[in-house]
Amino acid sequence: MSLPYPATGILLAVLVLLAAICDIRWRRIPNWLTLPGIVLGIGLSWFLEDPGVWSSLEGLGLAFAVYFSLYLLRGMGAGDVKLMAAVGATAGMMNWLGILFLTSVAGAAAGILLVLIKGRFRGTVFNLLRIVGSLGRGRAPYQDNPDLDIASGAALRLPHGAMIALGTLGFLAAAAR
């Protein structure tokens, strides 16, 4: 984990905060935000050598690969994929791994809280078992249970853009210490 230059940190913060607002308000992360975020992230990395253009491209590629896999399983929206690709391009691969970890922790905590508030603990445990079983058989979970598709009206949905914002801002705060 390395502290990014102020310009890199500002770009990351603005990018994820705008994405969180859009995701919470409209349940979408727009292309007008993510695509320039990718270009600016790579450009800034090239200009400042922070984290360096190769690390920027590695961060973009790894973030895209991880999140696109989740998208193919219908567990993540396309906007989330593009947002994390922009974060990876801006932060670089090693910093992106830290952001991914913190985003996962924030998402897990918020997800557990949402499940408890909605009174769906038992159903969620059952669905987790179905997900593991489906993946173990080499099938996408939504093929065995349509409710496990993010687009399903029965699915509990969490604005993942807000979780990405929490993970990214938490990373920036930790790196500044």
Side-chain angles (χ1 to χ4, degrees), residues 1-112 131 135 140-142 150-151 157-177:
M1 172 167 56
S2 63
L3 179 63
Y5 282 113
T8 304
I10 290 168
L11 175 59
L12 278 170
V14 168
L15 176 68
V16 299
L17 285 171
L18 287 174
I21 290 167
C22 291
D23 201 12
I24 290 168
R25 185 166 177 146
W26 295 291
R27 302 298 295 170
R28 294 183 50 83
I29 300 172
N31 289 339
W32 62 257
L33 178 62
T34 57
L35 299 180
I38 291 170
V39 172
L40 287 171
I42 293 170
L44 196 58
S45 295
W46 174 74
F47 181 73
L48 295 175
E49 295 184 14
D50 174 36
V53 72
W54 292 115
S55 181
S56 178
L57 292 173
E58 289 171 338
L60 167 68
L62 181 60
F64 181 80
V66 168
Y67 269 65
F68 189 68
S69 299
L70 295 170
Y71 172 78
L72 290 176
L73 294 171
R74 297 189 185 171
M76 191 71 52
D80 301 319
V81 175
K82 291 177 275 187
L83 176 60
M84 266 305 217
V87 169
T90 305
M93 185 177 72
M94 294 308 294
N95 288 340
W96 182 79
L97 290 170
I99 291 169
L100 174 64
F101 174 76
L102 293 175
T103 298
S104 299
V105 170
I112 290 168
I131 289 169
L135 293 174
Y142 70 87
I150 193 71
R157 289 183 281 185
L158 191 65
H160 194 66
M163 300 304 103
I164 294 170
L166 288 174
T168 302
L169 296 174
F171 174 84
L172 291 171
R177 296 178 96 189

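Values reported hereafter were calculated over all heavy atoms of this structure, with side chains retained and with hydrogens, waters and symmetry mates removed.
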Give, for atom [atom1] of [X] and atom [atom2] of [Y], the distance between the pair rounded to the nearest 0.5 Å.
| X | Y | atom1 | atom2 | result |
| --- | --- | --- | --- | --- |
| Ser45 | Leu57 | OG | CG | 8.5 Å |
| Met84 | Leu70 | CE | CG | 10.0 Å |
| Leu97 | Phe171 | CG | CZ | 9.5 Å |
| Ile164 | Leu169 | CD1 | CG | 11.5 Å |
| Thr90 | Leu12 | OG1 | CG | 5.0 Å |
| Tyr142 | Ile131 | OH | CD1 | 13.5 Å |

Contacts of Phe101 that satisfy ring-ring contact (aromatic ring centres under 6.0 Å, His included) - sequence neighbours left out = none
Who pairs with Thr34 by side-chain contact (heavy atoms from CB on, under 4.5 Å), at least two apart in sequence or on another chain?
-> Ile29, Asn31, Lys82, Leu83
Candidate pair Leu166 and Leu102, rule side-chain contact (heavy atoms from CB on, under 4.5 Å), full reasoning | CA-CA 8 Å; Leu166 288 174; Leu102 293 175; over 6 Å; no
[X] and [Y]: which non-hydrogen atoms are nearest, and at how many Å?
| X | Y | answer |
| --- | --- | --- |
| Leu48 | Ala7 | CD1-CB, 4.0 Å |
| Trp32 | Cys22 | CZ2-SG, 4.3 Å |
| Pro141 | Leu73 | CD-CD2, 4.0 Å |
| Gly37 | Ala86 | C-CB, 3.8 Å |
| Ile24 | Ala162 | CD1-CB, 3.9 Å |

Ignoring hydrogens and angles, tell me if any N or O in the side chain of Asp80 forms a donor-acceptor pair with the backbone of Gly77 under 3.5 Å.
-> yes
Leu18 and its side chain to side chain contact (heavy atoms under 4.5 Å, CB included) partner, picked from Val16, Val14, Leu15 | Val14
Evaluate the side-chain proximity of [Y] to [X]: yes if any heavy-atom separation is below 4.5 Å, no if none is.
| X | Y | value |
| --- | --- | --- |
| Ile150 | Met76 | no |
| Leu158 | Met163 | yes |
| Pro159 | Arg27 | yes |
| Val81 | Phe64 | yes |
| Leu60 | Ser56 | no |

In terms of ring plane angle, is the pair Trp96 and Tyr67 parallel, tilted or perpendicular, where the classes change at 30° and 60°?
-> perpendicular
Contacts of Thr103 that satisfy side-chain hydrogen bond (donor to acceptor under 3.5 Å, both in side chains) - sequence neighbours left out | none
